[in-house]
Amino acid sequence: MSNSVISVISRFLEEYTTKTSNKLKVVDAYLFYILLTGALQFLYCLLVGTFPFNSFLAGFILCVGAFILGVCLRIQINPDNKGDFLSISQERAFADFLLAHTVLHLVVINFIG
Amino acid sequence: MWKLTLAGVFCLVLLTVALGAQALTPSHHLSLSDVDRLKGLLSQPFTDLASAYYSIVGLSKLGASVADENDACQFLKAQLDPMSVDSLFFAAEASQAIADCEMPVFNETRDILLAAVSEDSTVTQIFRAVSALSSLGLPLASQEVVAALVARIAKEDNVLAITTALQTATRLSQQAELGGILEEIEDLAARLDDLGGVYLQFEEGLEATALFVTAAYTLSDHADTEPPLKEDQVIQLVNSVFSKKSWDSRSEAFSVACAAAALSSNRFHVPVIVSTQGPATVSHSQPILHLLVTDILSNPLASANLLVESAQAVASKSVVLSQAPFSLRNGIFELNFMASQPASGYYQFTVAVTGDSRLVANQVELKVKVSTEVAVTNMDLSVVDKDQSIGTKTSRVDYPFKAKGSFTADSHQNFAMNFQLVDANTGVELTPHQTFVRFHNQKTGQEVVFVAEPDSKNLYKFELDTAERKSEFDSMSGTYVLHLIVGDATLENPILWNVADVVLKFLDEEAPAAIQSKTLYMPKPDIQHLFREPEKKPPTVVSNTFTALVLSPFLLLLILWFKLGANISNFSLSPSSVLFHVGHACMLGLMYVYWTHLNMFQTLKYLAIIGSLTFLAGNRMLAQKAVKRLASK
């Protein structure tokens, strides 16, 4: 049982390192960073308490939102998905990413208190 | 068939009369002292003809006269100005009220007075001229006066003018055409203001209302026509005119005196006042109810008979007396009500005054109280054991003596009291409003009052459960003086009876703390306000550690990017890209400044400016990149 899990994971890692383009790996690294940050914030909240709650929420929502936007960007610039996004060029995807981030930052900074 | 319809109509009429029996009765009239006060005001010395007129004529209306009639007559003659219509009017009218007083009549007098009777003079002028002519015995043409009055009424459409016109018509010959002026009474009555259904008056005031009443009744008598005023309206007018008991001016007093005279002696409506002499109470010692029947000047009516239509007990609604006449003695109507042996309480009397068809408001409702004396009988005091409920010590006490020994009750025993309250005269059992049992501790000043309640057989029982009631006594054992208090509005002899001494023993007697009331009014301890405590924060070390921890993934990111080979070698130094990056950095900086200094509105303003610049630059930059990418493909 564990054998098959390990083999699946190793196969996945191998495919990932060879098949994915560098651009996507850059984005993946960014996503991983966001994930870590969010997890650490959550850990702090669990350990120490929710005071001040609004700040915790702001930080956590920022991480979650940034992750989602990052994922959207990754989907849109992946050349394998070009068929789904005919009208959206890579630059356009990046511009959308930036605009959405601006709005997200505005809201989060408002809420962080 | 005709007989049936006649009977039916008769029944209907009777029904409406019975329903309408709840008529209004006057709430104000002139008592004898009011009449004296009115006479006093009018008897004040007069300084000119007008005040002389008001005093002399006013007093004559009330059946009195000025102090010195000769002096008054001389005064009138001296003050008379034969050239002035007003002066002639005052002097002539006043001299008529004094016996053997004649005003000199000059040749010009008649001409002056007749000249005033025309369409060009005011109604007041016409009135004064006509009155003077009639008082001085000079002839006048009634029809011309009527014509002038009708013309003036059309021009001067106010209350006082029309009232004066009515007064003028009373001086004219009965053969003249007074119909048109008589109709003015009804029109004027429609202008009266109804206040709460009790008062009817003109907004011009008391004097106008009183003068209207006088004019309406004098003219109606003169023309032998019943005035078009309903019974309720007459009573409301009476209330308005006689509610004021001190008058501001002589003319106001004069108008009230004239109205009183008109209402007490006209041929159509005479309001009658039925009042009690003293309080309306009868008892065994005073069994006779005295009533006075007078007109509004408090003069007894000459031909009146008083009848009790019904006397109904308020509590039980049973009719005690019906159709019983009063007997007249020395001008006061008497009825021996105790002869009907009424029980004590309140009775609603409906009395009717008969004997004169002119009487108005002749059905009156009165409340009469029958009082009696109470006697306490069969007073038994006992101390009962709770578990046995056999009286260990029952003693009978007679009023007004005190029980010989004292009674002791501790927490195992109850103290009981039984007694009966009866009418001293008839022996009927009574249930007065107040039957209290009062315990008074002489030493501590405590007073505890309980209510004794009657059972279904009207036997009063009071039981004190020592253990149950200890909180009311504050558990203070000791000797309590026991009083019985009996009182009621219909009792002539309220009772306060020191019945016995009772020694009460309570369990767990608290230390004789000072009576609570002493500490009740001392300042209480201060309340310290507890401000909202700030939330518990984690120690700075922990939060600093975690801050560093949270920022550390950024380093990891940079390392990963470096390992992946991400670089900025493709960075084109075109102005748009520089501008874009600068703008973007500014936006991020704006976020930080927003967090520390700004509010949303300011931020949005700056964001709009920086954002639009960044957008334009970014657009240009990305387009260039796109072109480059497509070209390299």
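In the text below, chain A, chain B and the rest are named by the order of the sequence lines, each starting its count at 1. Note: hydrogens, waters and symmetry copies are ignored here, and every other heavy atom, side chains too, is used.
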Check your understanding: Are there residues of residues 606-615 of chain B that reach to under 4.5 Å of chain A by heavy atoms, and which ones?
Key -> B:Leu607
Review point. Is there any residue in residues 89-108 of chain A with a non-hydrogen atom under 4.5 Å from a non-hydrogen atom of chain B, and which ones are they?
Key: A:Ser89, A:Gln90, A:Glu91, A:Phe94, A:Ala95, A:Leu98, A:Thr102, A:His105, A:Leu106
Practice item. Starting from the C-alpha separation in whole Å, work towards a yes-or-no answer on side chain to side chain contact (heavy atoms under 4.5 Å, CB included) for B:Tyr592 and A:Ile109. Key: CA-CA 8 Å; B:Tyr592 175 75; A:Ile109 298 289; over 6 Å; no
Practice item. Quick one: pull up CG in B:Leu598 and CG in A:Asn110 and give me the separation to the nearest 0.5 Å. Key: 12.0 Å
Study note, to complete from the structure: One should read off an interatomic distance between A:Leu43 CG and B:Phe546 CZ, to the nearest 0.5 angstrom, of 5.0 Å
Exercise for review: Could you please state which residues from residues 26-35 of chain A sit under 4.5 angstrom from chain B, measuring non-hydrogen atom to non-hydrogen atom, sorted by number, or 'none'?
Suggested key: A:Val26, A:Ala29, A:Tyr30, A:Phe32, A:Tyr33
Practice item. Under the ring pair (Phe, Tyr, Trp, His ring centres under 6.0 Å) rule, collect the residues that match up with A:Phe42, sequence neighbours excluded. Key: A:Phe60
Review point. Looking at A:Leu40, A:Asn22, A:Leu36, A:Leu47, which makes the most heavy-atom pairs under 4.5 Å with chain B?
Key: A:Leu40
Check your understanding: For B:Leu590, is it the side chain, the backbone, both, or neither that has a heavy atom closer than 4.5 Å to a heavy atom of chain A?
Key -> neither
Review point. Does B:Arg438 CZ have over 12 foreign heavy atoms under 6.0 Å away?
Key: yes
Practice item. State, yes or no, whether a side-chain contact exists between A:Val48 and B:Ser543 at a heavy-atom distance under 4.5 Å. Key: no
Practice item. Heavy-atom pairs under 4.5 Å with chain A are the metric here; pick the option from B:Asn619, B:Leu564, B:Asn599 that has the most. Key: B:Leu564
Check your understanding: Checking B:Met600 against chain A: side chain, backbone, both or neither under 4.5 Å from a heavy atom?
Key -> side chain
Point to revise | Segment of B:Phe580 engaging chain A (4.5 angstrom heavy-atom cut-off) | key: side chain
